[in-house]
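Some notes on the structure that comes next.
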Amino acid sequence: MSDSSDSFYITTAIDYPNGIPHMGHAYEKVLADFYARCARLQGRDTWFLIGLDEHGLKIQNAAEEAGQAPQDFVDEKSKAFSHIYKHLGISHTDFIRTSEPRHHKFAQEIYRKVADQEDIYKGDYETDYCVSCEKALQKSDIAAGECADHPKTRIKEETYFFRLGKYRDAVREHIRENPDFIVPSERRNEVLSRLEDEVHDLSISRSGFSWGVPLPDDPEHVLYVWFDALSNYISALKEPDASRESYWPADCHVIGKDILWFHTVIWPAMLLSAGLPLPRQVYVHGFILDEDGKKMAKSLGNVVNPMEVVGEFGVDATRFYFLRAFASGQDGRFSIGDLEKRYNSELGNDLGNLIMRISKLGISRTGGTLNPSEGIDDLGGREVAGEYLDHVKAREHNKALDSLWAFLRKINGYLTEKEPWKVEDDSVVEKILYTSTEAMRWALCLLEPAMPSTATSAAEVLGIELGKLDEFSPGARSYSLQPAKALFPRREKPKKDKVEKKKKQPQGEVDPFTKLELRVGIIEEVNEHPDADTLYAMSVDIGGEKRSICAGLREHLSVEELEGRKVLIVANLKPAKFRGIDSLGMVLASDLADGRIWPVDPGDAESGDLATVEGVETRPKKKLSKSAFDKVPLIMQDGRVTYTGKILETPAGEIVCDAADGASVR
Ligand code: MSP
């Protein structure tokens with residue numbers, strides 16, 4: 001086991017795959033990814049684990065409801081999680097699933113080590129249990145309203161107990177002596193205060209169901225899902241060989257506030273009993289709430305799907321929003337309006353325009369090459385990097401981004417003050433732009449952990465090599481500029497939509513789906529668009545009416561694959577022209593796991609058939625703008641196109657696609 005600060009092992013909570021990944025899951029993985037990338041930026045050998053918590057009653061019940069065996073159920077669900085995390089640019093080095101043999105092996109091993117210390121005994125157990133949280137509820141929890149909106153089950157069975165109470169003092173001592181063991185400090189104080197009370201022993205086995213890791217000495221019992229799940233942080237290091245084991249103890253477990261006790265008391269107690277080193281830190285983030293500060297819940301109809309946000313704003317803008325808009329460790333409200341504002345001002349103006357300004361002026365005034373010379377200013381990149389990394393060390397990612405954004409504004413301010421566009425001497429212009437680009441080198445390296453693909457594209461435009469911070473030697477090289485594309489094109493809100501929202505939404509009457517006319521079409525003819533490499537120009541029959549429709553499917557399907565295909569069309573979209581060719585509708589498609597975009601399939605429906613969802617009458621009177629269409633969340637679930645959890649249907653049945661759960665349809 002290593003003590004070396006050259007390596008960095010970071011983990012996230014492993015998610016329950018009983019549904020599709022939600023905003024909280026995505027938020028947590030982005031936070032951890034940011035810290036993993038920061039460690040790499042500092043040259044640390046980084047191991048980054050995420051994964052799935054696949055056992056327990058909650059999963060067994062969900063599998064039963066879906067009419068599947070638990071293993072088949074989690075195999076399928078796991079695809080959606082992998083897909084979404086890949087899409088979000090999560091740079092994990094391993095993905096553990098607790099149903100894997102490598103995990104079973106270590107979960108049993110740690111149980112044995114604990115049993116060898118005589119820290120496990122058999123007894124009778126009777127409790128109220130919350131299956132949704134997979135935890136026993138004490139009377140005080142119930143009185144405090146905990147799990148008030150989850151159903152409770154009464155459990156009465158024989159169980160094996162872990163002597164958790166025996167470790168209370170040792171755990172408390174550890175927390176007291178290591179101020180950084182739990183961050184932020186409010187959470188540390190919360191645990192210390194709970195540790196003032198008596199700590200009961202913990203039931204760690206269940207015999208009422210079978211979906212779990214069997215106890216080595218009594219296979220009638222399976223391990224309690226938390227005893228099993230917590231050990232993932234080490235089980236994932238055990239195979240394929242011993243080389244990964246040196247990453248333990250973990251440098252940082254990233255978790256949400258609801259699972260604080262499990263990670264800061266139960267897990268340390270298990271490790272102390274098993275004679276294994278404790279993790280160095282547990283970083284606890286807050287919860288993402290809806291715009292009104294309420295918990296997001298299906299039943300409240302306020303859930304925002306992270307993939308829809310990504311579809312609308314892009315991966316990097318979504319990551320940026322998570323990291324910048326929510327104060328570290330605190331709950332935060334997810335607001336599309338706030339995201340939109342930050343997108344336009346902080347991404348579009350502060351970052352995108354800055355890169356555009358340097359590239360345009362540099363190309364026109366210096367031919368695109370910026371050479372180092374005497375009289376170049378230092379805008380203080382090194383100091384900003386120091387400040388940024390201090391915030392990272394304190395796990396205050398939002399403050400790290402505050403420092404970076406203050407620096408971007410400083411670079412913008414420098415250009416505004418020097419007004420190179422008014423300067424006649426080209427060599428002076430070159431010095432000003434060199435100073436700015438050199439500063440951007442620091443800025444983009446610091447941007448990479450938050451917005452990896454933006455940092456890479458911007459670095460290409462400015463001729464910057466992104467690298468580790470200690471490899472910097474300022475003023476030592478030339479920059480070769482490339483023409484810039486708008487990285488964050490301004491998002492204009494159509495005025496009409498704004499008005500419509502104000503007038504109609506408060507009454508809560510108009511379901512956006514009612515504005516949609518989705519019809520089955522047959523693609524009759526496909527041609528490559530003469531002036532756009534990615535587009536096909538097609539003729540589509542919709543119930544006898546021939547429509548010209550353009551679709552960006554050229555990288556994904558051949559002409560032969562499209563001709564004769566039945567598709568689903570947004571039939572009342574406002575007419576558009578794509579480089580001279582009319583487009584009177586849109587072919588709906590989704591993302592396959594291999595990166596291709598594929599049209600959804602209306603099966604045996606007839607051309608012209610309408611697609612609807614139960615309980616919502618479609619009555620489109622007007623043509624729909626693309627931005628209004630984008631507000632209608634069509635999402636893949638179990639291979640079917642859905643709207644707010646309801647399945648889309650034609651008279652012939654469901655509309656299907658091989659895309660992963662959670663993928664948006666657009
Ligand atoms: N399976 C357990 C964790 C076991 S770790 C050994 C679990 N799973 S979970 O799917 O319910 O939650 C996974 C993570 O997402 C947890 O850290 C949880 O706190 C976090 N979030 C769940 N909802 C959240 C929000 N609304 N906001 C932010 N994160 C929240 O717990």
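Computed from a prediction, not measured in an experiment: that's the story for all the values here. Counting starts at 1 for both ligands and their atoms, in listed order.
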Applying a strict 4.0 Å limit to heavy atoms, is Met23 in contact with ligand 1? no

Does Tyr233 come within less than 4.0 angstrom of ligand 1, counting non-hydrogen atoms of the residue? yes

Apply the side-chain contact (heavy atoms from CB on, under 4.5 Å) test between Ser231 and each candidate in Ile110, Leu223, Thr98; give the one that qualifies. Ile110

Check this for me: does any side-chain nitrogen of one of Lys77 and Asp638 sit under 4.0 Å from a carboxylate oxygen of the other? yes

Presence of salt bridge, Asp119 and Lys166, under 4.0 angstrom: yes

Report yes if [X] has an N/O atom closer than 3.5 Å to an N/O atom of ligand 1; otherwise report no.
| X | value |
| --- | --- |
| Ile255 | no |
| Tyr27 | no |
| Ile14 | yes |
| Trp226 | no |
| Lys29 | no |

Between the main-chain N or O of Asp292 and the side-chain N or O of Asp290, is there a donor-acceptor pair closer than 3.5 Å? yes

Whether Asp331 side chain and Phe287 backbone form a donor-acceptor pair below 3.5 Å: yes

By side-chain contact (heavy atoms from CB on, under 4.5 Å), Asn178 pairs with (sequence neighbours left out) His174, Phe181

Using the six-membered ring wherever Trp is involved, compare the ring planes of [X] and [Y] and label them parallel, tilted or perpendicular (cut-offs 30° and 60°).
| X | Y | result |
| --- | --- | --- |
| Tyr247 | Tyr9 | tilted |
| His25 | His22 | parallel |
| Tyr224 | Tyr129 | perpendicular |

Could you see which bit of [X] sits under 4.0 Å from ligand 1, with heavy atoms only: side chain, backbone, both or neither?
| X | answer |
| --- | --- |
| His22 | side chain |
| His263 | side chain |
| His285 | side chain |
| Asp15 | both |
| Asp53 | side chain |

Ligand-side contact atoms (ligand 1) for residue partner [X], heavy atom cut-off under 4.0 Å:
| X | value |
| --- | --- |
| Gly286 | 28 (C) |
| Ala229 | 6 (C) |
| Gly24 | 24 (C), 25 (C), 27 (N), 28 (C), 29 (N), 30 (C) |
| Glu28 | 14 (C), 15 (O), 16 (C), 17 (O), 20 (C) |
| Gly256 | 17 (O), 19 (O) |

Please give me the minimum heavy-atom distance between Thr93 and Arg40, naming the atom from each residue. CG2-NH2, 4.3 Å

Give the residue and atom name of whichever protein heavy atom lies nearest to [atom], and the separation in Å to one decimal.
| atom | answer |
| --- | --- |
| atom 18 (C) of ligand 1 | Asp258 OD1, 3.5 Å |
| atom 31 (O) of ligand 1 | Ile259 CG2, 3.7 Å |
| atom 11 (O) of ligand 1 | Tyr16 CD1, 3.4 Å |
| atom 27 (N) of ligand 1 | Ile288 N, 2.9 Å |
| atom 10 (O) of ligand 1 | His25 NE2, 2.8 Å |

For this output row, return yes or no: ring centroids of Phe320 and Tyr343 closer than 6.0 angstrom. no

Check: His104/Asp228 side-chain N/O donor and acceptor closer than 3.5 Å: no

Side chains of residues 258-271: which donor-acceptor partners sit under 3.5 Å, not counting sequence neighbours?
unit_1	atom_1	unit_2	atom_2	d
His263	ND1	Ile259	O	3.1
His263	NE2	Tyr233	OH	2.7
Thr264	OG1	Leu260	O	2.7
Trp267	NE1	His253	NE2	3.1

